[in-house]
Amino acid sequence: MGTAEIAKALGVGRQRAYVISRQRGFPEPMDTLEMGAVWDAEVVERWIRENRPKLAEDPESTD
């Protein structure tokens, strides 16, 4: 998962996703390629569930 995918998952722009990905507590990237850092999608999704629970909720949920 790259910064663009993180931005989409968080519902923010790429620049904001870049800032978030550099904050303490955000998962470390798996690797850095020429196009930029890449993260394990499962690890980032777990971070979103734990740190941004409203984004992780099922939008079709009736609760």
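Residues Ile20 and Val43 are members of separate hydrophobic clusters, defined by side-chain heavy-atom contacts under 4.5 angstrom among Ile, Leu, Val, Met, Phe, Trp and Tyr.
The two residues Leu10 and Leu55 make their nearest non-hydrogen contact at O-CD1, 3.5 Å. The minimum heavy-atom distance linking Ala37 with Pro29 is given by the pair CB-CB, 3.8 Å. Across Gly2 and Glu5, no two heavy atoms sit closer than the pair N-OE1, 2.7 Å. Listed here is the closest heavy atom pair of Ala9 and Ile48: CB-CD1, 3.7 Å. Across all non-hydrogen atoms, the minimal contact from Thr3 to Arg14 is CG2-O, 3.6 Å. Minimum interatomic distance between Ser21 and Trp39 (heavy atoms only, all atoms of both residues): CB-CZ2, 3.6 Å.
Taken from CG in Asp31 to CG in Asp40, the straight-line distance is 12.0 Å, to the nearest 0.5 Å. To the nearest 0.5 Å, the span separating CG on Asn51 from CZ on Arg46 amounts to 11.5 Å. Note that the CE atom of Met1 and the NZ atom of Lys8 stand 9.5 Å from one another [nearest 0.5 Å].
Atom CD of Glu42 has 12 or fewer neighbouring heavy atoms from other residues, nucleotides or ligands inside a 6.0 Å radius.
Here the options are Phe26, Trp47, Tyr18, the test is side-chain contact (heavy atoms from CB on, under 4.5 Å), and the partner is Ile6; only Phe26 passes.
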